[in-house]
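The structure appears right after this line, and notes come after that.
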Amino acid sequence: MTTTGDFGFIGGGHMGEALIKGLVQSGRAKPENIFVFDPAPLRTEHLQKTYGVTLAENNQALVSKAGVIVLAVKPQNVDDVLKAIGGVLNEDQLVVSIAAGVTLARIQGAIAARTPVIRVMPNTPALVLAGAAALAKGKYAGAEHLAVARNMFESVGLAVEVEEKYMDVVTGLSGSGPAYIFVLLEALTDGAVRLGLPRDQARLLAAQTILGAARLALETGDHPGRLKDMVTSPGGTTAAGLYALERGGFRGLVMEAVAAATLRCQELGAE
Ligand SMILES: NC(=O)c1ccc[n+]([C@@H]2O[C@H](COP(=O)([O-])OP(=O)(O)OC[C@H]3O[C@@H](n4cnc5c(N)ncnc54)[C@H](OP(=O)(O)O)[C@@H]3O)[C@@H](O)[C@H]2O)c1
């Protein structure tokens, strides 16, 4: 790959901003090497003021300046964007798309050259640099292209490579997953409020418990069952709580949620 280290963001909304923030704050890119085009002047002014990025006049101008082009527009805008830049991209550039449900074949089909493409499913915790992203390589993308994209998403959290056929499952797991956890957070909070704990303290303790449990699992690499057993003494409080969860079908329900979201993602992709 002979691309310059310059990044070009097509779309500077929530996710585009999260990535720009991650690249700049982690020192992986200099602000002057980041170009942005977004039709919303309020967005671009904000990005320029906050991160010092350079604004492009339009998407074609942006493509002529950057080596790594990030498609960070809504899925319904992807075809229009590709129509404008598909004939301008060359094979020394790299396209990274985060548009949910937009396949590699669809993107590749709209680009005249053999430009490598990487498709990514990020999630909203990227906004606080704690995202989980799955990356899939297109047919012209090699390990060096994956490394560039991985580096970008590691600046806002964790990144794993998957085959594209798993993107719908990833959407049902880590893409939609934050919402499941927010429901859990609310439920834990309400459970304690019901028993008299003030809401502010309940919410803080519940949120930190979720964060702490996740960090413990990630940092030790231990099986979650083992970590659960560590807090479950015979005849104790946690065992009583776990029994209530199992009786209510908690595990099955969570598995159903992942399956339902995956199915919905497949349906939306087919429309
Ligand atoms: N947010 C998430 O949690 C999440 C998770 C996974 C994947 N994604 C994917 O990330 C992508 C971006 O999501 P988002 O939440 O960042 O959306 P967003 O906040 O709406 O940002 C998209 C931005 O692109 C701009 N835009 C529209 N048409 C454009 C064009 N032709 N050229 C350049 N910019 C254009 C929009 O401007 P206007 O508002 O003026 O139209 C908006 O500022 C989506 O495809 C989504 O599927 C998001």
Side-chain angles (χ1 to χ4, degrees), residues 7-23 34-51 53-66 68-89 95-104 106-107 110 117-136 149 152-153 156-160 162 164 166-182 261-262 264-269 271:
F7 292 88
F9 280 82
I10 297 189
H14 295 102
M15 206 41 87
E17 176 169 0
L19 287 166
I20 291 168
K21 179 177 167 185
L23 285 170
I34 298 177
F35 298 88
V36 182
F37 175 72
D38 190 297
L42 279 179
R43 289 300 304 159
T44 49
E45 273 167 34
H46 162 74
L47 295 172
Q48 194 177 32
K49 268 197 202 135
T50 313
Y51 306 103
V53 298
T54 308
L55 304 184
E57 301 118 61
N58 54 47
N59 285 327
Q60 286 192 341
L62 177 135
V63 169
S64 71
K65 292 184 171 96
V68 181
I69 314 297
V70 185
L71 283 182
V73 295
K74 292 279 187 207
Q76 62 268 27
N77 297 126
V78 167
D79 289 332
D80 282 348
V81 168
L82 287 174
K83 214 175 276 171
I85 64 166
V88 192
L89 286 160
V95 171
V96 176
S97 167
I98 60 169
V102 180
T103 62
L104 286 164
R106 191 165 137 200
I107 300 169
V117 180
I118 307 259
R119 177 180 167 192
V120 184
M121 173 47 67
N123 68 3
T124 48
L127 301 173
V128 292
L129 313 185
L135 286 67
M152 177 161 42
F153 286 89
V156 292
L158 177 133
V160 295
V162 299
E164 189 185 25
Y166 297 124
M167 274 297 181
D168 294 334
V169 182
V170 165
T171 307
L173 172 62
S174 49
S176 304
Y180 315 152
I181 302 301
F182 295 134
T262 303
R264 184 67 191 131
C265 188
Q266 287 163 348
E267 284 169 1
L268 289 172
E271 273 172 20

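Everything numeric here is computed off the predicted structure, so don't read it as measured data. Both ligands and their constituent atoms are indexed starting at 1 by order of listing.
- In this structure, of Asp80, Val73, Asn123, the residue bringing a heavy atom nearest to atom 45 (O) of ligand 1 is Val73.
- Ligand 1 lies nowhere less than 4.0 angstrom from a heavy atom belonging to Gly175.
- For atom 24 (O) of ligand 1, a protein heavy-atom neighbour is found at a distance under 4.0 Å.
- By the 3.5 Å distance cut-off applied to N or O atoms, Pro39 is not counted among the residues near ligand 1.
- Among pairs with a residue in residues 9-22, those fulfilling side chain to side chain donor-acceptor pair (under 3.5 Å) read Glu17-Arg43, Glu17-His46, Glu17-Tyr51, at least two apart in sequence or across chains.
- Here the shortest heavy-atom distance to atom 27 (C) of ligand 1, taken over Asn77, Val36, Ile98, belongs to Asn77.
- Close N/O approach between Met121 and ligand 1 is not found [any backbone or side-chain N/O within under 3.5 Å].
- Distance alone, capped at 3.5 Å, places no donor-acceptor pair between the Ser176 side chain and the Gly172 backbone.
- Within a 4.0 Å radius of atom 20 (O) of ligand 1, the protein contributes at least one heavy atom.
- When heavy-atom distances to ligand 1 are checked against a 4.0 Å cut-off, Thr124 comes that close through both its backbone and its side chain.
- Atom 15 (O) of ligand 1 has its nearest heavy-atom neighbour, among Glu17, Lys74, Gln76, in Lys74.
- Nearest to atom 42 (C) of ligand 1 among the protein's heavy atoms is Asp38 OD2, 3.4 Å.
- Crowding of Glu57 atom CD: a count of heavy atoms from other residues, nucleotides or ligands under 6.0 Å not exceeding 12.
- Which parts of ligand 1 touch Ala100 is read off a 4.0 Å heavy-atom cut-off, strictly below it: atoms 45 (O), 47 (O).
- Asn58 is linked by a side chain to side chain donor-acceptor pair (under 3.5 Å) to nothing, counting only residues two or more places apart in sequence or in another chain.
- Among Val70, Ile34, Val156, the single residue meeting the side chain to side chain contact (heavy atoms under 4.5 Å, CB included) criterion with Leu23 is Ile34.
- Distances below 4.0 Å separate heavy atoms of Gly11 from the following atoms of ligand 1: 24 (O), 33 (C), 34 (N).
- Looking only at heavy atoms of the protein, atom 5 (C) of ligand 1 is closest to Pro122 O, 3.5 Å.
- Closest to atom 31 (N) of ligand 1, if we only count protein heavy atoms, is Val81 CG2, 3.5 Å.
- Taking any N or O of Arg43, backbone or side chain, none lies under 3.5 Å from an N or O belonging to ligand 1.
- At least one N/O-N/O distance between Asn59 and ligand 1 falls below 3.5 Å.
- Residue contacts with ligand 1: Gly12 is placed with no nitrogen or oxygen under 3.5 Å of a nitrogen or oxygen of the ligand (distance criterion only).
- The shortest contact between atom 2 (C) of ligand 1 and any protein heavy atom is with Met15 CE, 3.3 Å.
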